[in-house]
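Here's the structure, in structure tokens; my notes come after.
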Amino acid sequence: MIEISDSLIDTLKNSESIVFFTGAGISAESGIATFRGKEGLWNKFKPEELANFDAFMRNPELVWEWYNYRRRIVHEAKPNAAHLTIAKMQNHFKDVTVVTQNVDNLHRRAGSKKIFELHGNIEKNYCINCKKDFNEELDFSSGVPKCDCGGLIRPGVVWFGEFLPEDQYLGGEKAAMNAEVFFVVGTSAVVYPAAGLVYTAKASGATIVEINIEETEISSSVNYSYFGKAGEILPKIFEEYKLRV
Ligand code: BV8
Ligand code: ZN
């Protein structure tokens with residue numbers, strides 16, 4: 001039975017700006033595979049074969065097949081208790097910000113308002129030539145959809161070797177610098193520059209709280225580590241907080 005430390009609850013009681021930095025692990029309990037775990041996507045599919053621009057230009061059909069497969073899973077998924085708790089906490093703290101590596105839209109579907117999507121969103125699409133957005137359902141009946149300028153349409157996610165959307169990264173960085181409590185939930189914290197935000201928050205004096213089923217790269221640099229499922233631990237922290245506020 002996980003005990004939530006009094007000092008963390010006290011810190012939360014004296015805090016206004018809370019940030020949740022999340023990765024694939026927070027969506028695992030919603031039935032969305034993580035990347036590196038045993039059943040992780042990267043065990044079955046090679047990121048260099050699918051999640052980068054050259055791979056898309058080499059074989060756009062194959063890359064779209066993979067993203068449409070993941071899209072179906074995301075559409076059938078529902079936000080879990082971890083996503084829902086973060087959304088509820090918006091009504092208890094002055095400033096709650098989500099900074100996510102996930103492209104699955106589940107934080108938004110859970111009701112979170114202030115979200116920075118560092119690696120894009122799987123529901124979005126745009127033309128590789130003129131960058132025009134195509135966020136409606138795409139028609140694949142005559143192969144990979146094309147823009148009226150003739151350009152191929154690609155998923156609105158950030159691939160390896162691609163820069164992060166500046167507004168999203170700068171928004172995440174600002175949130176990390178102003179955070180009083182910075183939760184790191186369900187991420188292996190190995191992909192950069194996203195993972196660097198943990199150290200940005202730490203350097204800005206935030207209390208770092210890690211929630212993960214196992215130790216990670218950052219476990220030795222955090223103030224509190226809770227090892228277990230995000231869908232169980234986050235509601236527990238919030239219950240304890242509400243009992244003592
Ligand atoms: C870039 C979108 C500039 C697409 C993704 C510095 C050092 C080393 C390498 C680099 C560096 N800087 C840049 C690089 C290269 C690269 C990188 O970081 N490589 C890594 C692999 C070493 N970074 C980039 O390419 C970035 N761009 O740097 O541009 C540039 C430009 C030109 C030339 C050079 C540089 C772009 C990276 C973004 C790539 N896109 N996603 C898609 O989704 O298809 S990354 C993708 O993988 C996710 O978004 C996420 O970021 C990452 C997966 O990590 P996690 O989400 O943490 O998932 P993971 O499975 O690893 O871990 C899950 C965790 O949850 C585990 O710890 C597990 O224990 C835990 N867990 C499981 N269940 C639960 C749980 N926890 C709690 N509860 C549970 N129930
Ligand atoms: Zn175009």
Side-chain angles (χ1 to χ4, degrees), residues 2 20-43 45-56 63-64 66-71 73-74 80-83 99-105 117-134 145-166 168-169 172 183-199 209-219 225-235:
I2 293 244
F20 292 91
F21 176 65
T22 68
I26 200 171
S27 296
E29 293 154 79
S30 296
I32 300 181
T34 64
F35 290 79
R36 282 175 182 74
K38 273 191 296 319
E39 297 310 305
L41 284 170
W42 292 153
N43 295 338
F45 310 98
K46 297 263 162 303
E48 58 278 3
E49 272 160 31
L50 291 158
N52 70 71
F53 188 77
D54 304 344
F56 180 72
V63 171
W64 261 119
W66 190 53
Y67 280 95
N68 283 336
Y69 153 77
R70 290 174 59 192
R71 241 179 213 167
I73 294 169
V74 162
N80 62 57
H83 300 105
V99 180
T100 190
Q101 300 166 81
N102 300 343
V103 297
D104 62 27
N105 230 18
E117 295 173 315
L118 301 178
H119 296 162
N121 185 312
I122 202 168
E123 306 287 359
K124 295 186 174 159
N125 315 294
Y126 64 90
C127 167
I128 63 172
N129 276 357
C130 67
K131 311 299 180 220
K132 185 174 167 205
D133 286 331
F134 288 82
K146 284 203 172 61
C147 167
D148 21 288
C149 81
L152 287 177
I153 296 172
R154 61 165 283 173
V157 301
V158 179
W159 284 327
F160 287 96
E162 294 187 326
F163 290 102
L164 280 48
E166 194 161 13
Q168 300 299 307
Y169 182 73
F183 287 92
V184 182
V185 187
T187 184
S188 55
V190 297
V191 172
Y192 282 76
L197 293 178
V198 177
Y199 302 101
V209 183
E210 180 178 40
I211 299 171
N212 197 300
I213 54 174
E214 64 189 19
E215 287 225 356
T216 70
E217 303 275 317
I218 59 155
S219 299
S225 275
Y226 293 101
F227 295 117
K229 292 184 170 182
E232 293 160 11
I233 292 176
L234 268 175

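Just so you know, these numbers come straight off a predicted model, no measurement behind them. Along the sequence shown, residues carry numbers from 1. Counting starts at 1 for both ligands and their atoms, in listed order. Both backbone and side-chain heavy atoms feed into the values below; hydrogens, waters and symmetry mates do not.
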Problem - Polar contact flag for W66 and ligand 1 (N/O pairs, less than 3.5 Å) - result: no
Problem - Contact check: W159 vs ligand 1, nitrogen or oxygen atoms, below 3.5 angstrom - result: no
Exercise for the section: Kindly confirm or rule out an N or O of F160 lying under 3.5 angstrom from an N or O of ligand 1. Expected result: no
Fill in the blank from the handout: side-chain contact (heavy atoms from CB on, under 4.5 Å) test vs E217 passes for just one of T187, V190, V198, namely V190
Practice task
May I ask you to test the V191-F35 pair for a side-chain heavy-atom distance under 4.5 Å?
Solution key: no
Completion exercise
Nearest heavy atom to atom 70 (C) of ligand 1, choosing from I26, N212, L234, V63, belongs to N212
Problem - L118 vs F21 side-chain heavy atoms within contact, under 4.5 Å - result: yes
Problem - Where ligand 1 meets E214 - atom numbers and elements under 4.0 angstrom, heavy-atom basis - result: 69 (O)
Handout entry: Any donor-acceptor pair under 3.5 Å from N80 side chain to I26 backbone
Key = yes
Completion exercise
Closest heavy-atom pair, S30 versus H83, reported as atoms and distance to 0.1 Å, is OG-CE1, 3.6 Å
Problem - Geometric N/O contact T216 with ligand 1, under 3.5 angstrom - result: no
Problem - For atom 22 (C) of ligand 1, the option (of I218, V190, I213, L118) bearing the nearest heavy atom - result: V190
Completion exercise
The answer for which part of R70 has a heavy atom under 4.0 Å from ligand 1 is side chain
Problem - Note, Q101 side chain near T22 side chain (heavy atom, < 4.5 Å) - result: no
Fill in the blank from the handout: Under 4.0 Å from one or more heavy atoms of T187, ligand 1 contributes atoms 55 (P), 57 (O), 64 (C), 65 (O), 67 (O)
Problem - Shortest heavy-atom approach to atom 29 (O) of ligand 1 - which of E210, E217, E232, E162 - result: E162
Problem - Subset of ligand 1 atoms that lie under 4.0 Å from at least one heavy atom of G186 - result: 63 (C), 64 (C), 65 (O), 76 (N)
Fill in the blank from the handout: In ligand 1, the atoms that come under 4.0 Å of a heavy atom of Y67 are 4 (C), 42 (C), 44 (O)
Handout entry: Residue part near ligand 1, for I122, under 4.0 Å between non-hydrogen atoms
Key = neither
Exercise for the section: Mark the output for A194 as yes if a heavy-atom distance to ligand 1 is under 4.0 Å, and as no if none is. Expected result: no
Problem - For E29, the ligand 1 atoms whose distance to one of its heavy atoms is below 4.0 Å - result: 78 (N), 79 (C), 80 (N)
Exercise for the section: Would you check whether A28 has a nitrogen or oxygen atom less than 3.5 angstrom from a nitrogen or oxygen atom of ligand 1? Expected result: no
Handout entry: N/O separation below 3.5 Å, G23 to ligand 1
Key = no
Practice task
Before signing off on this row, confirm whether A51 and ligand 1 have an N or O atom pair separated by under 3.5 Å.
Solution key: no
Handout entry: Side-chain heavy-atom pair Y169, P193 within 4.5 angstrom cut-off
Key = yes
Handout entry: Donor-acceptor contact below 3.5 Å, side chain N102 vs main chain G23
Key = yes
Handout entry: ligand 1 to K229 polar contact by distance, N or O atoms, under 3.5 Å
Key = no
Handout entry: Expected output: side-chain W64 to main-chain I153 donor-acceptor under 3.5 Å
Key = yes
Practice task
Report the member of V157, T100, V158, N102 with the shortest heavy-atom distance to atom 39 (C) of ligand 1.
Solution key: V158
Exercise for the section: May I ask you to test the R154-F53 pair for a side-chain heavy-atom distance under 4.5 Å? Expected result: yes
Problem - N or O pair under 3.5 Å between F35 and ligand 1 - result: yes
Problem - Heavy-atom neighbours of Y69 OH exceed 12 at 6.0 Å - result: no
Practice task
Any chance you could measure H119, atom NE2, to D104, atom CG, to the nearest 0.5 Å?
Solution key: 13.0 Å
Practice task
Can you tell me, to 10 degrees, how wide the angle at the Zn ion (ligand 2) is between SG on C127 and SG on C149?
Solution key: 100°
Practice task
Answer side chain, backbone, both or neither: which part of Q101 comes under 4.0 Å from ligand 1, heavy atoms only.
Solution key: both
Exercise for the section: Check for a donor-acceptor pair, side chain of E210 on one end and backbone N or O of V184 on the other, with a separation under 3.5 Å. Expected result: no
Problem - Where E123 and R71 come nearest, the two heavy atoms and their spacing - result: C-NH2, 4.2 Å
Handout entry: Residue part near ligand 1, for S188, under 4.0 Å between non-hydrogen atoms
Key = both
Practice task
Determine whether K132 and D148 make a side-chain contact, defined as any pair of heavy atoms from C-beta on separated by less than 4.5 Å.
Solution key: yes
Practice task
Look only at interatomic distance and state if G161 has a nitrogen or oxygen under 3.5 Å from any nitrogen or oxygen of ligand 1.
Solution key: yes
